[in-house]
Amino acid sequence: MNTPETAHAEPTAADRRRWARYLVEERAEAHVYQQLAQRREGEEREILLELAAAEGRHEAHWLALLGGEPARLPRPGLRTRTLGWMAGRFGSIFVLALAQSAEARSPYDAEVYATPAMRADEKVHFEVVRGLAARGRRQLSGSFRAAVFGANDGLVSNLALVLGIGATGASSGLVLFSGFAGLLAGALSMGAGEFVSVRSQRELLEATEENGHGDATASDLDLDENELALVYRARGMDADESLQRARRVVGAAKAGLAQRATGPLRVPTDGGDEHEIIGNAWPAAISSFLLFASGAIVPVLPWIFGMQGLPAVLVALALVGIALLGTGATVGVLSGGPPLRRGLRQLAIGFGAAAVTYALGLLFNVSVG
């Protein structure tokens, strides 16, 4: 069991309250990792259980200092309670992303009663959780990028459109029609553009991938003088490694083991499946269409419910502001960054674009019949 390496002054009541807070936080974090482990298999499950065990060792450290289980313990912090609630119900990438953010802010760096091993553990935990979260981020990166881009584009572009039209003095009916026209046109454009973009990327990758065209003729190659080594050099191997691999493949082919070879024209990579990272064309296009439409409908809602003039503009701004804060905070959580800062950045960008078009509408101030 860990104990502080140096003697300290007699602990105060404040020290004991702090230890009790550390105790409940470590206990709650261990529970989070245990909940996540129940929803995973294989290596990820083992890693999460090891993290839970490490948090249990930290818990034992504070229990030893407190002299056993205190009669009363404080509640875990809001962030830790939220993590525990989400882990038991979702077990998603959001939980790992939030856990990564929590591990990045260890209080033990300035805590004299924490051992050096505990401080090191917390830093290692951050890297471990970041690695686990990165797996989920790679799976989300294609469709999620399209979804977030689509939602924000719908929010900002249609807010700018209805505010610009509204500022000219146009009737509420024309503002409403313009909003729906902008929604449909933008959603179709986003969906079509995303489909073409992702499909083009996948086709470009397919054109550059290695293939097995030489597999059937491997046994006919000269064992010492052949171009197979050049294939591996073109794929990034050095000359000696390329030649050694080529000889192994040709030797296996001549021995009738071609089917067991690892593929003479394939070089393993560490970057994962690039197709998976890019995403699929149809899911990306559909998510772009739907998310643009769901974002674009928000600034039109006041006019749908019969509002007009300045009250409609203010309500539209409030609704879009909440949505922009939400999407920005979501991106912040998934990226391990500060959610509030990302949300405020989205808000500033969106309102800045809308302000320009609204100012242009006021400048022209024409009545549209």
Could you tell me if the side chain of Glu50 sits less than 4.5 Å from the side chain of Ile47, heavy atoms only?
no
Note to self: With heavy-atom distances below 4.5 Å as the criterion, would you say the side chains of Val300 and Leu183 are in contact?
What the structure shows: no
field: Heavy-atom check, side chain of Phe351 versus side chain of Leu159, under 4.5 Å
entry: yes
Sequence neighbours excluded, the answer for side chain to side chain donor-acceptor pair (under 3.5 Å) partners of Tyr108 is Glu26, Trp62
Residue set satisfying salt bridge (charged side-chain N to carboxylate O under 4.0 Å, His left out) with Arg18, at least two apart, ordered chain then number -> Asp15, Glu111
Between the CD atom in Glu55 and the OH atom in Tyr33, the distance rounded to the nearest 0.5 Å is 5.5 Å
Going by heavy atoms in the side chains, are Met190 and Asp153 under 4.5 Å from each other? yes
What verdict does the side chain to side chain donor-acceptor pair (under 3.5 Å) test give for His58 and Glu29, after you've listed the backbone C-alpha separation in whole Å, the side-chain angles of each residue and the deciding distance to 0.1 Å? CA-CA 11 Å; His58 296 178; Glu29 288 175 9; over 6 Å; no
In short, Ala316 meets Pro302 closest at the heavy-atom pair N-CG, 3.6 Å
In short, side-chain hydrogen bond (donor to acceptor under 3.5 Å, both in side chains) pairs touching residues 320-329 with sequence neighbours left out are Asn152-Thr327
So side-chain hydrogen bond (donor to acceptor under 3.5 Å, both in side chains) across residues 177-189, not counting sequence neighbours, yields none
With sequence neighbours left out, the residues meeting side-chain contact (heavy atoms from CB on, under 4.5 Å) with Leu73 are Ala20, Leu23, Val24, Arg27, Glu69, Pro70
Rounded to the nearest 0.5 Å, the OH atom of Tyr22 sits from the CG atom of Leu63 at a distance of 15.0 Å
Exercise for the section: For the residue pair Leu301 and Val315, establish whether any side-chain heavy-atom pair is separated by less than 4.5 Å. Expected result: no
Hits for side-chain contact (heavy atoms from CB on, under 4.5 Å) against Gln34, two or more places apart or cross-chain, chain-then-number order -> His31, Ala52
Review point. Are side-chain heavy atoms of Leu174 and Trp303 found at a separation under 4.5 Å?
Key: no
Residues at least two apart in sequence or cross-chain that pass side-chain contact (heavy atoms from CB on, under 4.5 Å) with Ala187, listed by chain then number, are Phe289, Phe292, Ala293
Between the CD atom in Glu44 and the CD atom in Glu41, the distance rounded to the nearest 0.5 Å is 10.0 Å
Tracing side-chain contacts under 4.5 Å among Ile, Leu, Val, Met, Phe, Trp and Tyr outward from Leu314 reaches Leu310
Apart from Leu49 itself, members of its ILVMFWY cluster (side-chain separation under 4.5 Å) are none
In this structure, CG of Leu51 is separated from CG of Leu36 (nearest 0.5 Å) by 9.5 Å
Residues at least two apart in sequence or cross-chain that pass side chain to side chain donor-acceptor pair (under 3.5 Å) with Asp109, listed by chain then number, are Lys123
Kindly indicate whether the side chain of Ile349, heavy atoms from C-beta on, has any atom under 4.5 Å from the side chain of Val156. no
Hits for side-chain contact (heavy atoms from CB on, under 4.5 Å) against Val124, two or more places apart or cross-chain, chain-then-number order -> Val128
